[in-house]
Amino acid sequence: MKKNALSITREDDFAGWYQQVIAEADLAEESGVRGCMIMRPWGYGIWERVQYLMDQRIKATGHENCYFPLFIPLSYFAKEAEHVDGFAKEMAVVTHHRLMKDGNDLIVDPDAKLEEPLVVRPTSETVIGTAFSRWVQSWRDLPVMINQWANVVRWEMRTRMFLRTSEFLWQEGHTAHASKAEAMEETLNILEMYRSFSEDVLAMPVVAGEKPENERFPGADATYSIEAMMQDGKALQAGTSHFLGQTFSKAQNIRYQDKDGEFQFAYTTSWGVSTRLIGGVIMTHGDDDGMRVPPLVAPYQVVIVPMLRDKPEDEAVLDYCKALAKDIAKLRAFDEPVRVKLDISGAKTQTKRWSWIKKGAPVILEIGPRDMAENKVAMIRRDALYQDSGKLDTKFLAKAEFVPEIPALLSDIQTSMHTEANERLAANVKRGVEHWSDVERFYAAKKKYPGWLEVQWCKATGEELEAIEERLKQLKLTFRNVPEDAAAADGKCIFTGKPAVERIIIGKAY
RNA sequence: CGGGAAGUAGCUCAGUCUGGUAGAGUACUGCGUUCGGGACGCAGGGGCCGGAGGUUCGAAUCCUCUCUUCCCGACCA
């Protein structure tokens, strides 16, 4: 009788399942501070892998890391109106710098008020732009291409672990360029970097494309995103790249003299991915037994669970496992040493096994006295847990033959996780819907996970776009993006009946 | 930020209506029996009942405020 590791299935209660995965896989937990979470080692370890692999790509494309302050003077924000409007409602503000005793209570000292309040950065365009205005004087100073790994705070009304937390971790890249074309090229290069990172590293298929006007970053001329499809058919904006035009350079005076000695405003970009990616990985790859971590970002790719039973032979089993771990650690997969963990904690074998299944370690090896005697390993592959009968599919393999195959196995798991997710995405984007009534019917149907529609539209702007947005909102839908690889439009706008300009994805979103 | 629900042992929850010695399952610790697939028996440790006020001889229980979480909505690079 098959019994899953989690008590809530995706089918029954996707939101509850998501929370249970996070708790049972030791990814993160509540902190007692509204909207802020404690990232536990397994969850943070995944983020460290994202950081490590993304950082390499960021540097390989000519960017350098630096660090800007957490606190931003309020006045910096006032310079760009649209940007302020976008963030004003969710800003944490520091107004005092000292506490004092009031009887037994500790209170804010009213005499310690700051002359100018400091906001906790919700993003760093303003403070980085201010630095850019000093750094950029001549055409020779361009381009400036920097990145920072940091935490940011947005005082969200409704939070969900990893997907929308008040404080989150991210990288934010900021660049300034002499020409519009170069800045646009940068914006699109980064979009492609995010797309390939998501597909190749996270095994999370995405649709890369441009956001419509109403979904742009506050102050941006154009916003591009990668959109991933979660197992409930909802979209997750997993990364954004913004072409900021000259909006910020004009607001912050990022100006240079060109070769003719004329003053020109630079063109800037900004782009980021955050710990939200981990939420995406959970909802892309998780199953009813918990998390499944793609090998490239798994803190441990192979976990060895010795079967210890308080008997004299334990020591020999442990030695066998240590030697096995040592052999595996010498291997290389994906151009890195294989990350192997020997779990010598005192918990019972079964407890340990199910704990690593729930955490989603790609390969779990159980080693008992019999395996040792026969020079074998008992291998569980997390992405193919069960036999058809519903029993755990534990494979007993000759150690000498199995160990050298580990890099290929990890690679195979990575690929098959991507393939599985990719098939789901492909199967759940519906094209060819031409009438609004069909959209209503599609999303009104009791189907639990309807997925996305790709429709033709007239690329409305202004009030016309607002009206369309309102219609979508009735069905709890939003525009996701205009896929860069979508076919050219050849029909009518599904909203207005005008000639269509492009194809755009609509769906429910996180 | 509006509407709803909830906070009691590490976890899941009962007890609250009708105030009177703090409960269960699970997890944990010990001993014993098991031992290749989430074992069983016995014994044991663990909670000022989210926090602060109030009512009362007496509060997990009633009242007020507050914090946190979850669901729905609004909002959301």
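First the proteins, then the strands, lettered A, B, ... as listed; each starts at 1. Note that the coordinates shown come from a computational prediction; the quantities given were computed from them, not determined experimentally.
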Taken in chain and number order and not counting sequence neighbours, the residues that satisfy side chain to side chain donor-acceptor pair (under 3.5 Å) with A/Asp109 are A/Arg98
For A/Tyr194, check ring-ring contact (aromatic ring centres under 6.0 Å, His included) against everything at least two apart and list the hits. none
Applying the 3.5 Å cut-off to both distances, the Watson-Crick or G-U partner of B/G23 turns out to be B/C13
The Watson-Crick or G-U wobble partner of B/G46, with both key distances under 3.5 Å, is none
To the nearest Å, give me how far apart NZ (A/Lys358) and P (B/C11) are. 14 Å
Using the C1' atom in both, what is the distance from B/C65 to B/A22, to the nearest Å? 26 Å
May I ask you to list the residues of residues 225-240 of chain A, by number, that have any heavy atom positioned under 4.0 Å from an atom of RNA chain B? A/Gln237, A/Thr240
Under a 3.5 Å threshold, yes or no: a donor from one side chain and an acceptor from the other, between A/Thr165 and A/Glu167? no
Side chains of A/Glu210 and A/Thr223: any donor to acceptor distance under 3.5 Å? no
Restricting to ring-ring contact (aromatic ring centres under 6.0 Å, His included), what partner residues turn up for A/Trp42, sequence neighbours left out? A/Trp356
Take atom C1' in B/C49 and the same atom in B/A6, then report the distance between them in whole Å. 14 Å
If the P atom of B/U34 is compared with that of B/G47, how far apart are they to the nearest Å? 35 Å
If we take the P atom in both B/G3 and B/A9, what is their distance in whole Å? 29 Å
Would A/Lys79 count as a cation-pi partner of A/Tyr76, with NZ or CZ less than 6.0 Å from the six-membered ring centre and within 45° of the ring normal? yes
Between A/Tyr267 and A/His177, does the ring centroid distance fall short of 6.0 Å? no
Under a 3.5 Å limit on both distances, the Watson-Crick or wobble mate of B/C62 is B/G54
Counting only Watson-Crick or G-U wobble pairs whose two distances fall under 3.5 Å, which nucleotide matches B/G41? B/C31
Atom-to-atom span, NZ of A/Lys352 to P of B/G36 - whole angstrom: 17 Å
How far, in whole Å, is B/G30 from B/C17 if one measures between their P atoms? 41 Å
Nearest-Å distance once atom P is located in both B/G45 and B/A24: 12 Å
Residue mapping more 5' on RNA chain B - nearest nucleotide basis, A/Ile367 or A/Asn214: A/Ile367
Could I get the full list of ring-ring contact (aromatic ring centres under 6.0 Å, His included) partners for A/Trp457, not counting sequence neighbours? A/Phe479
With a non-hydrogen cut-off below 4.0 angstrom, is A/Trp155 in contact with a base, only sugar-phosphate, or nothing? nothing
State the pairing partner of B/C76; accept Watson-Crick or G-U wobble contacts with both distances under 3.5 Å, and report none otherwise. none
Show the distances under 3.5 angstrom between N or O atoms of the protein and N or O atoms of nucleotides 32-35 of chain B.
| unit_1 | atom_1 | unit_2 | atom_2 | d |
| --- | --- | --- | --- | --- |
| B/C35 | O2' | A/Arg309 | NH1 | 2.4 |

A/Glu440: which residues meet the side chain to side chain donor-acceptor pair (under 3.5 Å) condition with it, sequence neighbours left out? A/Trp436
Using Watson-Crick or G-U wobble geometry with both distances under 3.5 Å, which nucleotide pairs with B/A5? B/U69
Pick the C1' atom in B/C28 and in B/C11, then give their distance to the nearest Å. 11 Å
Without swapping roles, check the side chain of A/Arg471 against the backbone of A/Phe495 for a donor-acceptor pair under 3.5 Å. yes
Produce a footprint string for nucleotides 68-75 of chain B: one letter per nucleotide, 5' end first; B if the base is under 4.0 Å from any protein heavy atom, S if only the sugar-phosphate is, - if neither. SSSSBBBS
Distances under 3.5 Å between nitrogen or oxygen atoms of protein and nucleotides 39-45 of chain B:
| unit_1 | atom_1 | unit_2 | atom_2 | d |
| --- | --- | --- | --- | --- |
| B/A39 | OP2 | A/Gln350 | NE2 | 2.9 |

So, A/Lys395 and A/Asp393, do they make that salt bridge, N to O below 4.0 Å? yes
Contacts of A/Glu30 meeting side chain to side chain contact (heavy atoms under 4.5 Å, CB included) (sequence neighbours excluded), chain-then-number -> A/Met161
Under 3.5 Å, side-chain donor or acceptor atoms of residues 226-238 of chain A against the rest of the protein: list the pairs with distances, not counting sequence neighbours.
| unit_1 | atom_1 | unit_2 | atom_2 | d |
| --- | --- | --- | --- | --- |
| A/Glu227 | OE1 | A/Arg480 | NE | 3.0 |
| A/Glu227 | OE1 | A/Arg480 | NH2 | 3.0 |
| A/Glu227 | OE2 | A/Lys211 | NZ | 2.7 |
| A/Glu227 | OE2 | A/Ser225 | OG | 2.9 |
| A/Gln231 | OE1 | A/Arg10 | NH1 | 2.6 |
| A/Gln231 | NE2 | A/Met283 | O | 3.4 |
| A/Gln231 | NE2 | A/Thr284 | O | 3.2 |
| A/Gln231 | NE2 | A/Gly286 | O | 2.7 |
| A/Asp232 | OD1 | A/Lys234 | N | 3.1 |
| A/Asp232 | OD2 | A/Tyr510 | OH | 2.5 |
| A/Gln237 | OE1 | A/Lys211 | NZ | 2.9 |

Would you measure the distance from the P atom in B/A60 across to the matching atom in B/G50 and give it in whole Å? 10 Å
A/His285: partners by ring-ring contact (aromatic ring centres under 6.0 Å, His included), with sequence neighbours left out: none
Tell me the interatomic distance from A/Lys376, atom NZ, to B/G36, atom C1', rounded to whole angstroms. 13 Å
Do A/Ser124 and A/Glu172 meet the criterion of a side-chain donor-acceptor pair at a distance under 3.5 Å? yes
Euclidean distance, atom CD1 of residue A/Ile8 to atom P of B/U12 [Å, nearest integer]: 10 Å
